[in-house]
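Below is one structure; the comments refer to it alone.
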Amino acid sequence: MSEDVQSLAKRRGFIWQSAEIYGSMAGFYDYGAMGARLKRNWENVWLKYFMGLNDNYHLIDSTNILPEAALKASGHVDSFTDPLVECTKCGHAFRADQLIEEATSTAAEELSLEEIDAKVSEIGLACPKCKGPFGKAMFFNMMFPIEVGTKGTDRAYLRPETAQGAYLNFKRHFEIMRRKLPLGLAIIGKAYRNEIAPRQGVYRMREFIQAELQIFMDPETFSDELDLSEMDGKEILVQLVDMRGKKDVQSMPCRYLIEQYKLPDFYVYHMLKVQEFYLDIIKIPKNKFRFYEKSEKERAFYNRVHFDIEVDLSTLGGFRELAGLHYRGDYDLTKHQIGSKEKMEVSLDGRKLIPHVLELSFGVDRNVWALLDIHLVDERTGVLKLPPQLAPYTFAVFPLMKKDELIPLAKEIHNLLKDDYDVCYDQSGSIGKRYARMDEIGTPFCITVDFDGLTDDTVTLRDTDTTEQKRVKVDELERIARGLASGKLKFKDLN
RNA sequence: GCGGCUGUGAUCUAGUUGGUAAGAUUCAAGCUUCCCAAGCUUGCUGCUCGGGUUCAAAUCCCGGCAGCCGCACCA
């Protein structure tokens with residue numbers, strides 16, 4: 001089934017493997033004309049919603065290439081690098097540190113390659129699969145190394161996450177934005193991880209897009225900045241660690257999560273905001289959405305609270321992570337303060353602190369894929385129902401038939417709308433064919449010029465999702481289009 | 001990365017005792033058509049890549065690449 005959606009995504013111009021005429025590389029994907037529109041729209045909707053949470057949240061941009069020192073400080077150079085040993089007989093590779101830890105029950109994470117080789121021969125480690133002897137240990141780094149400069153002496157990496165760009169820029173932005181907390185820095189951009197075996201389409205890629213908002217805040221006062229009353233009576237769809245195996249998802253009052261489960265109120269507030277984003281704007285059905293709590297073992301040690309945002313995707317066989325909400329404490333800025341020797345401490349009302357970070361992290365490609373998965377309502381006909389703000393084209397304009405009389409007005413309407421909206425014009429094939437084409441790429445509204453319209457200046461406006469049609473005046477079209485495109489005007493409310 | 005299976009126009013599929021590729025859909029052009037893939041005519045596009053065996057390879061053999069499944073990996 002995933003393959004069906006994959007071929008649809010390809011045929012309709014959304015997404016497919018990069019460099020396909022050369023046989024492709026695993027884990028790299030390109031967006032086509034429809035996919036690029038859809039992705040850009042998702043990003044715009046995301047930006048509008050999350051930047052709207054606070055006047056002091058801003059979109060910035062930062063480089064894809066980072067110096068080694070920065071990634072050393074962040075912990076990536078060490079934690080993204082795994083020591084591997086390979087069996088000389090059967091070729092299987094294993095995590096050397098894990099094998100040693102199992103065998104000796106002592107920590108082996110910090111061992112050098114030489115120390116690992118020594119340990120392996122000392123305790124006589126052999127391949128768990130075939131008992132064959134191991135070769136020399138080697139490092140496998142999930143980060144792509146980059147040579148900068150003619151001699152390549154400046155060591156650098158492609159960034160494994162966009163978050164670091166925000167941390168590195170925190171200090172300057174704190175000054176620029178006049179020393180206020182919370183300060184939010186968002187980055188939408190590429191990140192790179194040299195996955196060993198990328199699979200499952202766009203779910204795990206080596207080059208991917210993240211949309212991340214890092215909120216720098218004072219945990220003592222952050223809640224005062226939020227309208228916590230918004231949580232009154234609201235429930236969150238969660239699966240907590242202690243609910244595993246018993247209940248799939250439970251709808252739980254915000255208050256309950258704060259009082260019973262001792263989650264910070266600002267954290268739950270943002271859970272609610274993220275949930276609203278998915279349910280109300282992206283239109284994910286309630287039964288396909290959940291916050292999935294990561295256990296202490298599953299989450300990175302610096303995350304004090306960590307829920308994944310998961311959506312049930314039929315193409316990927318169940319609930320899959322599309323985003324994460326991480327309370328990272330002051331880990332990141334503290335690390336960079338140590339690494340760079342720049343003070344990250346800020347002074348507020350005489351109190352000094354290193355700001356804490358609440359991270360909202362979204363995988364854009366996964367989210368775009370989820371749109372195709374969730375909103376594909378009919379697999380046979382391939383009908384896609386996308387919200388107007390997300391659809392590659394918001395409107396399509398057709399002459400009812402390819403007749404010289406109808407074409408000028410149709411083109412006129414196309415010109416009228418195309419500067420402000422993504423509009424498709426099509427006059428080839430039958431009218432039904434053209435409606436069907438728009439169904440396939442999720443265009444919500446079609447405007448058709450017919451012979452009646454030539455005399456009374458009206459056109460047919462069609463809601464693709466319901467196939468309902470209404471006649472509207474041409475001179476009202478701009479106003480109606482504005483309402484429909486923004487979502488403020490519903491088709492059913494048109495008279 | 002290891003093992004198993006797979007790879008035919010834009011998409012889906014037929015085609016293996018080896019003999020120069022078939023169909024459906026799509027797309028384009030024309031005719032027709034007054035509102036969800038209608039019809040008719042014409043047309044475009046292909047055997048994953050490289051090597052080998054053979055008079056002859058989509059078909060057999062070897063290797064690469066890619067996809068799926070399992071294992072491992074996914075701070």
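Letters A, B, ... are given to chains in the order of the sequence lines, protein chains preceding strands, and every chain is numbered from 1.
- Contacts of A:G75 with the nucleic acid, taken as non-hydrogen atoms under 4.0 Å apart, are absent.
- Residue-level contact check: A:I431 touches the backbone only, with heavy atoms under 4.0 Å from sugar-phosphate atoms and none from bases.
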Carefully, step by step, assess A:E298 and A:H306 under the rule side-chain hydrogen bond (donor to acceptor under 3.5 Å, both in side chains).
CA-CA 9 Å; A:E298 290 168 313; A:H306 179 169; over 6 Å; no
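- Note on A:S24: only backbone sugar-phosphate atoms sit closer than 4.0 angstrom, heavy atoms only; bases stay farther off.
- In this structure, A:D439 places its CG atom 13 Å from C1' of B:C35, rounding to the nearest Å.
- Between the base of B:C12 and the side chain of A:S7 there is no donor-acceptor pair shorter than 3.5 Å.
- Side-chain atoms of A:R434 stay outside donor-acceptor range of the base of B:C35, with no qualifying N/O pair under 3.5 Å.
- Within 4.0 Å of A:M438, counting heavy atoms only, lies no atom of the nucleic acid at all.
- The nucleotide whose nearest atom lies closest to any side-chain atom of A:E440 is, among B:C35, B:G1, B:A37, B:A37.
- Here, B:C12 and B:G19 have their C1' atoms 28 Å apart, quoted to the whole Å.
- A donor-acceptor contact under 3.5 Å links the side chain of A:E161 to the base of B:A75.
- For the pair A:K470 and A:F491, the distance from NZ or CZ to the six-membered ring centre is under 6.0 Å and the angle to the ring normal is within 45 degrees.
- Here the two rings, on A:Y331 and A:F301, have centers that are under 6.0 Å apart.
- Taking the six-membered ring for Trp and the full ring otherwise, A:F395 and A:Y421 have centroids separated by under 6.0 Å.
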Mind listing the side-chain donor-acceptor pairs of residues 403-418 of chain A below 3.5 Å, one per line with the distance, residues two or more places apart or on another chain?
{"from": "A:N415", "atom 1": "OD1", "to": "A:K418", "atom 2": "NZ", "distance (Å)": "3.1"}
{"from": "A:N415", "atom 1": "ND2", "to": "A:K411", "atom 2": "O", "distance (Å)": "3.3"}

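- Here the side chain of A:R471 is nearest to one of B:C35, B:A75, B:C34, namely B:C35.
- Remark: B:A28 base-pairs with B:U42. Criterion, Watson-Crick or G-U wobble with two distances under 3.5 Å.
- In this structure, the CZ atom of A:R204 is 12 Å from the P atom of B:A72, given to the nearest Å.
- The gap from the C1' atom of B:A72 to that of B:G64 amounts to 23 Å, rounded to the nearest Å.
- Every residue meeting the side chain to side chain donor-acceptor pair (under 3.5 Å) condition with A:S62, not counting sequence neighbours, appears here in chain and number order: A:R159.
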Polar atoms only, N or O, under 3.5 Å: list the protein pairs with nucleotides 25-29 of chain B and their distances.
{"from": "B:U26", "atom 1": "OP1", "to": "A:K433", "atom 2": "NZ", "distance (Å)": "2.4"}
{"from": "B:C27", "atom 1": "OP1", "to": "A:R437", "atom 2": "NE", "distance (Å)": "2.6"}
{"from": "B:C27", "atom 1": "OP1", "to": "A:R437", "atom 2": "NH2", "distance (Å)": "3.2"}

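- The gap from the P atom of B:U53 to that of B:A58 amounts to 16 Å, rounded to the nearest Å.
- Here B:C60 sits opposite B:G52 as a Watson-Crick or G-U wobble pair (both hydrogen-bonding atom distances under 3.5 Å).
- Base pairing of B:G7: its partner is B:C65, meeting the Watson-Crick or G-U wobble criterion (both donor-acceptor distances under 3.5 Å).
- Rounded to whole Å, atom P of B:U33 lies 14 Å from atom CG of A:D404.
- Side-chain atoms of A:L400 lie closest to B:C35 of the nucleotides B:G67, B:C73, B:C35.
- Residue A:Q469 is in base contact, counting any heavy-atom pair closer than 4.0 Å across all strands shown.
- Looking at residues two or more places apart in sequence or on another chain, you find a side chain to side chain donor-acceptor pair (under 3.5 Å) between A:H76 and A:S74.
- As rounded to the nearest Å, B:U33 and B:U41 have C1' atoms that lie 16 Å from one another.
- B:A21 is unpaired under the criterion used here, namely a Watson-Crick or G-U wobble arrangement in which both key atom distances are under 3.5 Å.
- Here A:K39 pairs with A:E43 under the salt bridge (charged side-chain N to carboxylate O under 4.0 Å, His left out) rule; sequence neighbours left out.
- Separating the C1' atom of B:U54 from that of B:C44 is a span of 34 Å, rounded to the nearest Å.
- Nucleotide B:C2 forms a pair with B:G70, judged by Watson-Crick or G-U wobble geometry with both contacts under 3.5 Å.
- Of the candidate nucleotides B:G1, B:G67, B:A75, B:G67 has the atom lying nearest to any side-chain atom of A:A26.
- With a cut-off of 3.5 Å on both pairing distances, B:U16 has no Watson-Crick or G-U wobble partner at all.
- Put simply, CZ on A:R199 is 14 Å from P on B:G4, counting in whole angstrom units.
- Below the 3.5 angstrom threshold, one finds a donor paired with an acceptor across the side chain of A:Y302 and the base of B:A75.
- Residue A:L406 contributes atom CG, which lies 13 Å from atom P of B:C35 at whole-angstrom precision.
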What donor-acceptor contacts under 3.5 angstrom involve side-chain atoms of residues 13-37 of chain A, with partners at least two apart or in another chain?
{"from": "A:S24", "atom 1": "OG", "to": "A:S18", "atom 2": "O", "distance (Å)": "3.2"}
{"from": "A:Y31", "atom 1": "OH", "to": "A:D365", "atom 2": "OD1", "distance (Å)": "2.6"}
{"from": "A:R37", "atom 1": "NE", "to": "A:P392", "atom 2": "O", "distance (Å)": "3.3"}

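- Distances shown here put every side-chain N or O of A:Q6 at or beyond 4.0 Å from the OP1 or OP2 atom of B:G67.
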